[in-house]
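By convention here, the first residue in the shown sequence is residue 1. Here the structure is a predicted model, which means the values were calculated and not measured.
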Amino acid sequence: MQLSRARELIEQQMVFTSGYNRNAVRLILGEVARVHGPAAVAQLFREFDLENHFELDPQADYSKVGL
């Protein structure tokens, strides 16, 4: 997944705050982690403030999510 596409998808999920959207973001982060590495995930956390918006752990290993 391209980082630009990941950003688009996360932007769509930011409109809502349900558990479904949180899960969708976790899946996106998992794909980004596998393709681009943890630095890209950290950048998305900073860019979208995912820790506060979805209460996600920025230190978690998302590379195993969605396998």
Side-chain heavy atoms of [X] within contact of [Y], under 4.5 Å:
X	Y	result
Leu27	Glu31	no
Val65	Leu29	no
Phe48	Val25	no

So which heavy atom on Asp57 is nearest to which on Phe45, and how close?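 Minimum heavy-atom separation between Asp57 and Phe45: O-CZ, 3.7 Å.
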Mind checking the [atom1]-[atom2] spacing from [X] to [Y]? Nearest 0.5 Å is all I need.
X	Y	atom1	atom2	answer
Asp49	Leu44	CG	CG	12.5 Å
Gln13	Ile28	CD	CD1	5.5 Å
His53	Leu50	NE2	CG	8.0 Å

Report the C-alpha distance between Asn21 and Phe54 in whole Å, list the side-chain angles of each, state the deciding distance to 0.1 Å, and finish with yes or no for side chain to side chain contact (heavy atoms under 4.5 Å, CB included). CA-CA 8 Å; Asn21 303 100; Phe54 288 111; 3.9 Å; yes
Would Leu3 and Leu9 show up in the same hydrophobic cluster when neighbours are defined by side-chain heavy atoms closer than 4.5 Å? yes
Would you check, one step at a time, whether the test side chain to side chain contact (heavy atoms under 4.5 Å, CB included) holds for Ile10 with Glu47? CA-CA 10 Å; Ile10 291 173; Glu47 192 172 328; over 6 Å; no
Name all residues meeting the side chain to side chain contact (heavy atoms under 4.5 Å, CB included) criterion together with Arg46; count only those two or more places apart in sequence or in a different chain, and write none if there are none.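 With sequence neighbours excluded, Arg46 shows a side chain to side chain contact (heavy atoms under 4.5 Å, CB included) to Ala42, Gln43, given in chain and number order.
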